[in-house]
Each structure stands twice: as structure tokens, then as C-alpha cells.
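Quick note on labels: first sequence line is chain A, next is B, and so on, each numbered from 1.
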Number of protein chains: 2
Amino acid sequence: METRPTGLREQKKQATREALRAAALRLALERGPDNVRVDDIAEAAGVSPRTYNNYFSSREQAIVAAVTGEREARVAAAVAGRPADVGLAEAVIEAIVDQYTDPGQPGCDALLLITTRPALRDEFVDAAAAIEHPLSDAIAQRLGHTGRHTTARVLAASVAAAVRLALREWLQTTAASSTTSGLVLPSGSLPDLLRTTLAPLTPALDAAERQAGRRPPQ
Amino acid sequence: METRPTGLREQKKQATREALRAAALRLALERGPDNVRVDDIAEAAGVSPRTYNNYFSSREQAIVAAVTGEREARVAAAVAGRPADVGLAEAVIEAIVDQYTDPGQPGCDALLLITTRPALRDEFVDAAAAIEHPLSDAIAQRLGHTGRHTTARVLAASVAAAVRLALREWLQTTAASSTTSGLVLPSGSLPDLLRTTLAPLTPALDAAERQAGRRPPQ
DNA sequence: GACAAAACTTGCGTGCACGCAAATTTGCGT
DNA sequence: ACGCAAATTTGCGTGCACGCAAGTTTTGTC
């Protein structure tokens with residue numbers, strides 16, 4: 001669905017990106033995140049240190065990317081994939097909750113690592129901003145091409161902002177409880193938090209849908 | 001209203017901050033933004049280079065701060081100051097439009113400088129994120145202490161996101177037109193852009209207000 | 001199959017953000 | 001007026017992001 005440039009080149013690029021992600025996560029888990037320099041990651045991935053910064057613009061980005069994977073694209077696909085007769089608000093909220101609900105433990109130790117270091121927490125939260133553009137496209141598609149393109153972008157940006165609020169809150173309480181009690185990961189509350197922060201946006205999503213839907217008739 | 005620490009200390013801090021802002025803007029206008037190093041700004045302000053980074057965490061921040069001033073606080077104050085009988089949505093939108101409507105030309109040449117350099121544009125847009133917390137407090141106050149505190153934060157974050165979208169669009173078209181035609185600053189369209197991006201959030205703001213208002217009765 | 005253009009990698013140099021700890025300044029009680 | 005404690009400034013060292021200009025690999029064309 002997305003293969004603009006020819007094959008071999010893109011293939012190698014993804015391989016390098018993946019190698020960097022894997023190396024970054026492995027080294028961070030082995031030695032602790034503060035004892036890993038960019039040069040180490042590059043060396044472990046078999047590329048030049050300069051090349052690292054062609055793929056990731058900060059040291060933390062590779063580690064977080066290894067955990068989050070391609071969540072943004074999956075969220076957008078999930079929104080587009082919901083049946084057309086459910087409300088936009090419900091479609092968006094459920095799609096997001098689904099994607100952020102832990103599927104097994106793809107990196108439970110990695111999450112614990114992220115919650116520990118402030119820099120990694122910030123990067124993890126900021127990474128959620130990447131859902132904005134794909135989500136904007138998905139919402140625009142649901143609203144139909146008649147509606148204002150700007151509306152979709154505003155709604156997507158608002159949803160992304162709400163998600164970031166939820167993640168911040170989640171990481172904060174998580175970090176607090178792991179210092180007081182002891183190393184607990186209350187992952188169960190994340191879906192609830194997401195629903196809570198997304199709820200206030202429901203009226204805006206519904207209104208946009210109603211307005212777009214009213215276009216063809218009358 | 002806000003003088004937690006004793007006077008003289010805070011006074012000097014603000015003086016230093018202002019000196020850095022002024023020096024940064026002046027030098028950027030004189031030599032062009034790329035020919036100004038952090039050391040130059042610090043020297044012009046009479047402080048150590050290291051001290052600069054105690055006040056601003058990036059080189060661009062001081063320049064942008066010199067232009068934007070304390071806009072965040074004024075937005076929050078403007079929201080709080082609107083009469084209680086106008087809708088929340090209207091209060092927020094009008095307050096923001098007012099504050100972003102150019103009052104004379106406090107830095108027309110400075111704006112031209114900012115639109116030129118991508119790094120400064122980014123910093124200018126990101127600076128709008130600072131309205132989030134003050135605005136959150138102002139909205140919470142209008143919703144009354146009975147409402148969910150989270151709702152106010154989500155709405156404030158969404159509004160901030162919408163504002164950033166408007167600014168981005170504005171700077172983009174501005175930059176485009178200054179290369180094609182010649183150095184035009186279509187500042188007149190900013191209010192319209194802001195209303196357009198904020199409009200989709202009106203239903204959410206109204207709904208929150210209705211829900212909070214329904215608390216005391218019934 | 002060879003060639004030219006485009007895309008990617010690499011090395012280098014520069015300026016920068018920031019942790020840390022010593023030195024300095026400010027606030028306040030006595 | 002004096003001195004102690006807290007806040008702030010400063011110098012230093014480290015790692016990092018990124019522009020730039022080669023050098024290298026891939027792609028599409030003749």
C-alpha cells in the first residue's frame with residue numbers, strides 16, 4: 001500500500017532502522033540507559049554514528065521507537081476499519097484504546113525502563129504526537145471529502161493532545177507507585193485514563209460528523 | 001498577585017531574563033539570526049554563557065520570547081475576565097483572537113525575521129503551547145470546582161493544539177507569499193484562521209459547560 | 001552492459017544543551 | 001551589623017545534533 005520508491009533501497013533502509021532500534025533497546029536494557037552513547041548504538045548496528053542521526057533525531061528516539069513500533073499507522077488503520085455505521089467518536093476512541101491496550105508483554109521490562117528515566121518518558125509521550133497526521137487522514141476519510149479538511153486536522157490534533165495527557169498521567173502515577181510501594185506497573189488503568197481524557201472531545205467529534213453528514217441531503 | 005519569593009531576588013531574575021530577551025532580539029535583527037551565537041547574547045546581556053541556558057533551553061527561545069512576551073498569561077486573564085453570562089466557547093475564542101490580533105506593530109520586523117528561519121518558526125509555534133496550563137486553570141475556574149479537573153485540561157490542550165495549527169498555517173502561507181510576490185505580511189488573516197481552527201472545538205466547550213452547569217440543580 | 005542521475009552513507013567541524021560542583025550573592029534571624 | 005542557609009551564577013567537561021561536502025551504492029535509461 002505504501003511503496004513509493006523502488007524496492008531494494010527502501011528495504012535496506014528499513015533494515016537499518018530496525019537494526020538501530022534493536023541495538024538501542026538491547027544496549028539500554030543491558031547497561032542501563034545512561035551508559036549507552038550514540039556511538040555505541042551505531043557501532044552495534046554496524047553504521048556510522050552520523051548515520052544514526054539520519055534516522056533518529058535524538059538519542060532516546062530509537063529506544064522508544066523499539067517499544068512503540070508502528071502504533072500510529074495501526075491506529076489510523078483501526079479507525080478506517082471500523083464499520084461505517086458506528087459514530088465517529090466511538091470509532092476513534094475504541095481504536096485508540098485497542099491499540100494502547102497491552103497485547104501480551106512485548107516489552108514489559110522495556111516499559112519499566114522508560115518509566116524510570118525522565119528523558120525517556122518525555123520521548124515516549126511525544127511519540128504519541130505521530131498519530132496526528134495518519135489519524136487526520138482517517139478522520140477526513142470518514143467525514144467525506146465534502147467537509148472542511150481543517151476540521152479533521154483540528155480533531156486529530158485534539159485527540160493526540162488528549163492521548164498525551166493520558167500517557168503523562170499514567171506514567172506519573174506509575175512512577176510514583178513504584179517508588180512508594182514497589183515496582184508495580186498498573187497497566188490496567190491506561191484504557192480507563194484514555195477514555196476519561198477522550199470523553200470531553202466526543203461532542204466535537206459527533207458535531208463534525210453530523211455537519212458533514214448533512215452535506216449531501218437537503 | 002505572584003510574588004512567592006522575596007522581592008529583590010525575583011526582581012533581578014526578571015531583569016536578567018529581560019536583558020537576555022532584548023539582547024537576543026537586537027543582535028538577531030542586526031546581524032541576522034544565523035550570525036548570533038549563544039555566547040554573543042550572553043556577553044551582550046552581561047552574564048555567563050552558562051547562565052543563558054538557566055533561563056532559556058534553546059538558542060531560539062530568547063528571540064521568540066522577546067516577541068511573544070507574556071501572551072500566555074494575558075490569554076488566561078482575558079478568559080477569566082469575560083462576563084460570566086457569555087458561553088465558554090465564545091469567551092475562549094474571543095480571548096485568544098484578541099490576544100493574537102496584532103496590537104500596532106510591536107515587532108513587525110521581528111516577525112519577518114521569524115517567518116524567514118524555519119527554526120524560529122518552529123519555536124514560535126511551540127511557544128503557543130505555553131498557554132495550555134494557564135488556560136486550563138481559567139477554564140477550570142469557569143466550569144466551577146465541581147467539574148472534572150481533567151476536562152479542563154483536555155479542553156485547554158485541544159485549544160492549544162488548534163492555535164498551533166492556525167499559526168503553522170499562517171506562517172506557511174506567509175512564507176510562501178513572501179517568496180512569490182514580495183515580502184508581504186498578510187497579518188489580517190490570522191484572526192480568521194484562528195476562528196476556523198477553533199470552531200470545531202465549540203461543541204466540546206459548550207458540552208462541558210452544560211454538564212458542569214447542570215451540577216447544582218436537579 | 002555501460003552511464004548518468006539520484007539517493008544514501010560517512011567524516012568532519014561547529015555550536016549547543018546540560019549535569020556537576022565550587023564560588024558568589026541574597027534573605028533573614030539575632 | 002554579622003553570619004548562616006538557601007538560591008543563583010559560573011566554569012568546566014561531556015555527549016550530542018546537524019550542516020556540509022565528499023565518497024559510495026542504487027536506479028532507470030540507452
Expressed in angstrom and rounded to an integer, what is the separation of [X] atom [atom1] from [N] atom [atom2]?
X: L20(A); N: dT10(C); atom1: CG; atom2: P; value: 10 Å
X: R9(A); N: dT26(D); atom1: CZ; atom2: C1'; value: 4 Å
X: E10(A); N: dA6(C); atom1: CD; atom2: P; value: 19 Å
X: R117(A); N: dC18(C); atom1: CZ; atom2: P; value: 17 Å
X: D122(A); N: dC18(C); atom1: CG; atom2: C1'; value: 14 Å
X: E43(A); N: dT9(C); atom1: CD; atom2: P; value: 18 Å
X: L8(A); N: dC8(C); atom1: CG; atom2: C1'; value: 13 Å

Take Q99(A) and R74(A), measure what side chain to side chain donor-acceptor pair (under 3.5 Å) needs, and give me the verdict at the end.
CA-CA 7 Å; Q99(A) 290 302 323; R74(A) 278 183 289 146; 3.1 Å; yes
[Y] backbone acceptor or donor facing [X] side chain under 3.5 Å:
X: T101(A); Y: V97(A); value: yes
X: Y100(B); Y: R71(B); value: no
X: D40(A); Y: V36(A); value: no
X: Q61(A); Y: S57(A); value: yes

Counting only heavy atoms from other residues, nucleotides and ligands, does the tally under 6.0 Å from CD of Q141(B) exceed 12?
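Atom CD in Q141(B) is not packed in, count stays at 12 or less.
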Going by heavy atoms closer than 4.0 Å, what residues in residues 46-64 of chain A are next to DNA chain D?
R50(A), N53(A), S57(A), S58(A), R59(A)
So, with a heavy-atom separation below 4.0 Å from DNA chain D, the residues of residues 29-40 of chain B are none
Are L120(B) and I63(B) close enough that some pair of their side-chain heavy atoms sits under 4.5 Å apart?
yes
Between F56(A) and R17(A), is there a side-chain heavy-atom distance shorter than 4.5 Å?
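Touching, per the 4.5 Å side-chain cut-off.
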According to the Watson-Crick and G-U wobble definitions, with both distances under 3.5 Å, which nucleotide is paired to dT9(C)?
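Check on dT9(C): paired to dA22(D), both distances under 3.5 Å.
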Closest approach of P49(B) and V38(B), non-hydrogen atoms and distance?
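Closest approach of P49(B) to V38(B), heavy atoms only: O-CG1, 4.4 Å.
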With a cut-off of less than 4.0 Å, is there a side-chain N or O of K12(B) near OP1 or OP2 of dT8(D)?
no
